[in-house]
Every structure is written in C-alpha cells, then in structure tokens.
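Everything below concerns the one structure shown next.
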Amino acid sequence: MKDRIIQLLEQAMATLKANGTLPADLAITPQVDRTKDRSHGDFATNLAMMLAKPAQKKPRELAELLISALPTDGSISKTEIAGPGFINFFQVDDLLGRQLSHALSDSRLGIANANPADTVVVDYSGPNLAKEMHVGHLRSTIIGDAVARTLEFLGHKVIRQNHVGDWGTQFGMLLALFEELPGNAGQQLADLETFYRDAKKRFDASEEFANRARSLVVKLQSGDLDCLTLWQRFNEISLNHCFEVYQRLGVSLSRDDVRGESAYNPLLAEVVSALQEKGLLSESDGARCVFLEQFRNKDGDPLPVIVQKQDGGYLYATSDLAALRFRQNHFGASRMLYFVDQRQALHFQQVFEVARQAGFVNPQTDLAHMGFGTMNGPDGKPFKTRDGGTVKLIDLLNEAEQRALALVKEKNPQLDPATLDDIGREVGIAAVKYADLSKSRQSDYIFNFDQMLSFDGNTAPYLMYAWTRIASIFRKAEIDLASLQGTINPQTDQEIALGNHLVQFGDALNQVAEKGLPHMLCSYLYELAGLFSSFYENCPVLNADDDSIKQSRLNLAALTARTLKQGLTLLGINTLERM
C-alpha cells in the first residue's frame with residue numbers, strides 16, 4: 001500500500017509539473033510513512049512541505065493541489081490535510097482483511113519478487129586459513145548470511161563470496177616451521193591453531209627464520225610444487241575447521257563460495273598494468289601507488305593506495321581491486337556488499353574509488369562496505385579468554401549449547417535426554433546469533449550469555465517460544481498450520497494492530513536488503529510476537545463465540561506463525577515444536 005501511495009503522489013506531481021505549478025526539472029521522491037495514531041489515517045506524507053519552497057506556495061495550499069491531482073484509487077477512502085501541510089491517507093475498511101487473506105494464501109506471504117532483480121555479490125566471513133576461526137569472525141559470517149538470505153527471498157540473484165585469507169606471509173611462516181619438524185610432523189597439523197602460534201613466535205623471535213619464511217612465500221607465489229602441495233594441505237585442514245563452524249552456525253556458505261586471495265594472484269600484474277595505462281600510478285619510495293585527492297592525512301598530504309611494494313610484492317588493495325574487477329566482469333554484479341569490520345572503512349573507500357576511476361566496475365554498480373562494530377566482553381574491550389587470548393568460535397558455540405541445555409533441563413526435566421540435547425543445541429546457537437543480529441551492525445555490543453539465553457525480552461529463546469506457543473494452538477485443535485487458508489476479517493483493536501504489523505513484513509525485509517541491517521527484522525519480529533500475545537490474551541481463538549470469528553482468528557494466528565517462522569529462517573534461526 002505504501003508503494004501504491006508513492007506512485008499516486010508521483011502521478012500527482014507529474015500533473016502539477018505539466019500545468020506549471022511545479023518546476024519541470026524538480027527531482028524529489030515522495031516519502032510516505034505509516035501513522036502511529038490511526039485517527040490520523042493509515043499513511044502520511046510531508047511532500048507538500050518539501051515542495052512548498054520550489055513551488056513558491058504555502059504548504060497547505062500545495063497539499064490541496066496535490067490532493068486534487070491525485071488519481072482516483074479504490075484502496076483510498078479519503079485524504080485529509082493536517083497540521084502545517086501533512087497529507088493523511090485513509091485506506092478502505094476491507095483492504096487490510098484482503099491483504100491478510102492474500103498473504104495467508106501465498107507461499108511468499110504476499111511479498112512480491114523484486115522487479116527488476118539485482119545481481120548481488122555478498123562478500124562475507126572471509127577467515128584467515130592459517131588458523132582456526134575466532135569470535136572476531138562471528139559478525140561478518142552471520143550478518144552477511146542473514147542479508148544474503150533476505151536478498152534471495154526477495155528474488156535477487158545472490159552470489160556468495162567467501163574471500164578467505166589463503167595467501168601471504170603467514171603461509172611462509174607455516175612452511176618454514178614445517179621444514180624444521182621431524183617426519184611425523186603431519187600429525188601436528190591437526191591442531192593448526194597451535195602450529196600457527198608456534199610459527200608466529202619463531203617469526204617474531206628469529207630474523208633468520210623470518211627471512212626464510214619470506215623466501216618461502218616467494219617460492220610459493222612462483223609455483224614451487226612442494227610449497228604448493230603443503231600449502232594446499234594447510235588450506236584443506238583450515239577449511240575443514242571453518243565448515244565445521246558454518247555447519248554449527250547453520251549459515252548458507254558452501255565450498256563453491258570459497259574464492260580466496262590466491263585465486264586473484266594471477267590477475268594482480270594485470271591490475272597494476274591497467275592502472276598504469278589509465279595514468280593512475282605514481283612511484284613513492286620505490287612502491288607503486290595511486291594517490292586520490294579526496295583522501296588526505298592530518299597534514300593535508302594525499303594518502304597513497306599502495307598496489308605494489310618496492311620488492312615487487314602485492315598488497316590487500318591489489319587483490320581487492322582484482323576481486324572487484326572479476327566480480328564485475330564474471331558475475332555481472334549490479335551490487336557488491338562487503339561485510340567487513342568497520343575499522344577497514346578507509347581501505348574500502350579508497351579501493352572502491354580506485355576501481356571506479358580505473359573502470360574496473362560499471363559507473364552504476366553499487367559498491368557498499370557494510371561495516372560492523374566489535375563484539376566486546378563485560379569490560380567493553382574486544383572479547384578475550386581469561387588469560388587474554390583469542391576465543392575460538394567453536395569453543396564459544398560449545399559453551400552456548402551447554403548453557404542452553406542446562407537451562408532447558410531446568411525448565412523441562414521430564415523430557416528425554418535426546419530431545420533435551422536437540423533443544424539445547426538449537427537454542428544455544430540461536431541465542432548467540434540473535435544476540436548479535438538484534439544489535440545494529442554499526443555498533444559495538446557486549447557479549448552476555450545470561451541476557452541472550454533469557455526467555456524475556458528481545459532474544460532468540462523468547463521468539464522461538466512465541467512460535468512454539470502459536471503452533472501448540474493448532475496441535476490442540478488438530479489443525480494443520482501449514483495448509484490453513486481462508487479469509488481474515490480483523491475487527492477488534494488487537495486484531496487490527498496485529499494485522500497492520502503483519503502487512504509491514506515486506507517493509508522490514510526491504511530495509512534489511514537495502515541497508516544491510518538485520519536488526520530491523522529482529523525488531524519487527526519482536527514487536528510481532530508482542531502484538532500476538534496481546535491479541536491472544538484479549539481475543540479468544542478456539543473458544544470464540546462465533547464460527548466465522550473463530551476461523552478468522554485461527555487464520556490470523558496461522559499467518560502470524562508463518563511470518564514469524566519465515567523471518568527467523570531468514571536470520572538463520574530454526575523453530576522448534578517443543579521447548
């Protein structure tokens with residue numbers, strides 16, 4: 001309905017441009033919002049106030065002209081002017097019921113496919129393969145996955161890219177340490193994290209070891225067969241660790257989505273040559289750089305984007321430029337979304353601008369760094385172990401499941417051990433994911449097991465239990481929730497409030513897709529669960545006085561359950577029949 005009102009306002013503006021009321025070259029997109037108080041209508045716009053100055057008219061006068069130019073539409077019962085020039089729209093009484101009934105009968109809950117659909121490359125997770133995943137990889141992995149799922153549901157073509165760190169100095173360190181170990185060294189690779197730590201200590205402590213590691217990087221990059229064989233072994237072990245974590249987290253990344261830095265190694269020289277041909281390269285202290293006027297240091301000097309070091313080696317910026325070029329040419333991307341730590345903001349601003357100036361991406365391609373804050377401990381500092389070490393992500397998930405299991409056992413001691421294990425596993429993982437997804441990705445947040453496992457407030461256990469409660473209504477009535485269809489005719493204030501929120505599901509999904517903000521969907525689902533509780537407490541369902549009212553309320557409950565389940569699925573969270 002919101003989109004329809006925007007279309008009507010655009011047509012009214014076109015009419016006012018044609019008759020000279022508005023400047024013909026005026027480019028303003030109408031903004032339409034739902035009203036908080038339905039006595040002021042269902043939707044409102046401040047368009048008249050936005051247009052008043054260019055039209056040289058008073059806002060209320062312009063509001064009257066806009067209303068008179070609006071095409072007739074059967075979904076609008078009336079319009080009113082309020083305050084300094086707001087236009088309020090009242091939809092016809094039966095429209096909400098028709099929208100809800102359609103959503104219930106539609107496998108997509110009334111959400112239309114995007115038209116036109118975008119081809120969206122989503123770059124997320126991207127762990128370094130020299131060691132196991134740690135808590136610092138959590139946010140990129142689950143935020144990127146939620147946005148990718150949502151884009152896909154809306155009908156966009158999504159290409160997931162796991163840009164793993166599988167190249168560079170860290171592998172020279174591993175190769176150098178492996179050379180020093182006895183014949184059974186292969187067994188030590190089972191714990192790649194410890195192996196990496198030992199290599200890093202040697203690298204920092206011994207200049208001879210560091211030089212040997214650097215020389216092995218050169219051999220690796222030159223295609224030395226022994227180095228490549230061992231490098232592939234390191235990567236395979238590390239990827240196995242990654243996909244164990246992905247499986248536990250329930251994210252949708254596959255092996256086919258892995259395209260690491262090494263994949264772009266053969267393209268790096270081409271990138272530098274192309275920048276040279278475009279006249280973008282300069283030399284600084286022997287390194288080859290691109291200087292961009294809009295990026296300067298505190299002294300006002302342009303900051304360099306170094307693409308090739310003095311010794312001929314390449315940097316992250318070079319491989320990121322190669323990736324941008326590849327994703328544009330190979331995938332035909334219309335959007336590229338990078339879910340990477342907010343601290344990399346300047347890097348991506350610079351790389352995106354170099355890519356545009358070099359013609360590596362089309363002018364209309366949307367490049368967006370979807371930066372995120374850090375996950376912190378109770379002290380407000382990045383989450384660490386008690387001894388100050390890095391927390392392995394797999395250990396964090398294990399603890400979450402154990403805590404959830406203890407909580408479920410306490411609440412449901414009568415359940416059998418296998419069922420308790422299943423519920424504990426699902427609730428533990430969901431709690432970790434939702435605690436992160438429900439916070440704005442742009443902010444830091446405090447990791448707290450007690451809060452995330454609570455059955456009160458905006459948490460995964462609360463929403464999972466809300467779905468279980470609704471499902472129990474249908475089990476009690478011996479009705480198949482999944483196949484229920486029919487008419488929804490909201491009458492009471494609680495039914496209307498719940499129904500109005502249900503038809504906003506598409507708005508919430510579009511915010512996730514457009515802005516990369518899954519917390520908007522979390523807020524929507526939390527409010528949905530609260531509105532359903534109010535409806536259920538005030539509007540008898542199975543004991544309704546009238547059969548038609550009972551059926552309408554059952555249908556409304558079914559649509560709520562399906563919407564809640566679909567929303568949680570897009571966040572990568574499963575629902576449970578019992579909790």
Side-chain angles (χ1 to χ4, degrees), residues 133 135 137-138 141-142 145-146 149 240-254 391-438 447-483 518 521-522 525-526 528-529 532-533 557-558 560-579:
M133 290 179 74
V135 293
H137 297 118
L138 179 66
T141 302
I142 62 175
D145 197 58
R149 287 170 181 263
N240 286 339
H241 286 302
C242 292
F243 278 91
E244 181 184 349
V245 173
Y246 294 152
Q247 185 175 22
R248 291 281 288 281
L249 282 171
V251 298
S252 56
L253 284 167
S254 72
V391 180
K392 291 184 183 180
L393 188 47
I394 200 75
D395 292 341
L396 185 82
L397 301 183
N398 287 337
E399 184 173 354
E401 289 183 11
Q402 290 162 7
R403 286 173 176 258
L405 176 59
L407 185 65
V408 173
K409 276 183 179 178
E410 182 182 331
K411 291 181 176 291
N412 303 282
Q414 77 283 2
L415 293 179
D416 63 271
T419 301
L420 286 170
D421 284 343
D422 288 342
I423 296 173
R425 183 168 53 253
E426 292 290 354
V427 172
I429 297 299
V432 170
K433 294 179 73 170
Y434 191 86
D436 192 309
L437 293 169
S438 61
F447 186 89
N448 184 304
F449 271 124
D450 292 336
Q451 288 180 6
M452 67 178 60
L453 286 167
S454 172
F455 277 79
D456 297 314
N458 189 13
T459 66
Y462 172 76
L463 289 179
M464 294 170 78
Y465 184 63
W467 186 89
T468 302
R469 280 186 61 203
I470 303 173
S472 69
I473 297 170
F474 293 89
R475 281 201 306 275
K476 182 178 179 181
E478 297 182 342
I479 296 172
D480 181 12
L481 166 61
S483 62
L521 176 55
C522 296
L525 296 176
Y526 178 55
L528 177 63
F532 180 83
S533 291
T560 303
R562 292 182 201 172
T563 304
L564 190 55
K565 186 181 183 74
Q566 183 63 71
L568 288 171
T569 298
L570 295 178
L571 295 173
I573 293 173
N574 297 324
T575 52
L576 295 167
E577 293 292 332
R578 301 173 66 182
M579 281 187 68

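Just so we're clear, the structure is a prediction, and the values are computed from it rather than from any experiment.
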For Phe455, what residues pass the ring pair (Phe, Tyr, Trp, His ring centres under 6.0 Å) criterion, not counting sequence neighbours? none
What pairs with Phe447 under ring pair (Phe, Tyr, Trp, His ring centres under 6.0 Å), at least two apart in sequence or on another chain? Phe383, Phe449
By side chain to side chain contact (heavy atoms under 4.5 Å, CB included), Asn448 pairs with (sequence neighbours left out) Asp450, Gln451
Please round to the nearest 0.5 Å and tell me the distance separating atom CG of Leu407 and atom CZ of Arg403. 11.0 Å
At their closest point, which heavy atom of Leu481 faces which heavy atom of Arg562, and how far apart are they? O-NH2, 3.0 Å
In this structure, are over 12 heavy atoms from other groups packed under 6.0 Å from Lys392 atom NZ? yes
Which residues pass the salt bridge (charged side-chain N to carboxylate O under 4.0 Å, His left out) test with Arg578, sequence neighbours left out? none
Hey, does the side chain of Trp467 reach the backbone of Leu576 with a donor-acceptor pair shorter than 3.5 angstrom? no
Less than 4.0 Å between a side-chain N and a carboxylate O, is that true for Arg149 and Asp145? yes
To the nearest 0.5 Å, what is the distance between CG (Leu568) and CG (Leu437)? 10.5 Å
Looking only at non-hydrogen atoms, find the nearest pair between Ile470 and Thr560 and report the distance. CD1-CG2, 3.9 Å
Could you walk me through whether Ile573 and Leu463 pass the side-chain contact (heavy atoms from CB on, under 4.5 Å) check? CA-CA 10 Å; Ile573 293 173; Leu463 289 179; over 6 Å; no
For Lys565, does its backbone N or O pair with a side-chain atom of Thr575 as donor and acceptor, under 3.5 Å? no
Quick one: pull up CD in Glu244 and CE in Met133 and give me the separation to the nearest 0.5 Å. 11.0 Å
Are side-chain heavy atoms of Leu405 and Asp421 found at a separation under 4.5 Å? yes
Please name the pair of heavy atoms, one in Phe474 and one in Ala558, separated by the smallest distance, quoted to 0.1 Å. CZ-N, 3.5 Å
For the residue pair Ala460 and Ala430, what are the closest heavy atoms and their distance? CB-O, 3.4 Å
How long is the gap from NZ on Lys409 to CG on Leu420, to the nearest 0.5 Å? 6.5 Å
Can you list the steps and then say if Leu564 with Leu525 is a side-chain contact (heavy atoms from CB on, under 4.5 Å)? CA-CA 6 Å; Leu564 190 55; Leu525 296 176; 4.1 Å; yes
For a side-chain contact (heavy atoms from CB on, under 4.5 Å) check, start with the C-alpha distance between Lys433 and Leu571, then their side-chain angles and the critical distance, and finish with the verdict. CA-CA 8 Å; Lys433 294 179 73 170; Leu571 295 173; over 6 Å; no
Mind checking salt bridge (charged side-chain N to carboxylate O under 4.0 Å, His left out) for Glu401 and listing every partner two or more places apart, or none if nothing turns up? Arg248
Pair Val432-Asp436, side-chain contact (heavy atoms from CB on, under 4.5 Å): steps then yes or no: CA-CA 7 Å; Val432 170; Asp436 192 309; over 6 Å; no
For the residue pair Thr459 and Asp456, what are the closest heavy atoms and their distance? CG2-O, 3.7 Å
Please check: side-chain N/O of Tyr526 versus main-chain N/O of Tyr462, any donor-acceptor pairing under 3.5 Å? no
Kindly compute the distance separating CG (Leu253) from OG1 (Thr141), expressed to the nearest 0.5 Å. 7.0 Å
Please, which pairs that meet salt bridge (charged side-chain N to carboxylate O under 4.0 Å, His left out) have at least one residue in residues 460-483, sequence neighbours excluded? Arg475-Glu577
Taking all non-hydrogen atoms of both residues, which atom of Ala529 and which atom of Ala466 are closest, and how far apart? CB-CB, 4.0 Å
Value for CG (Leu397) from CD1 (Ile429), rounded to nearest 0.5 Å, stands at 4.5 Å
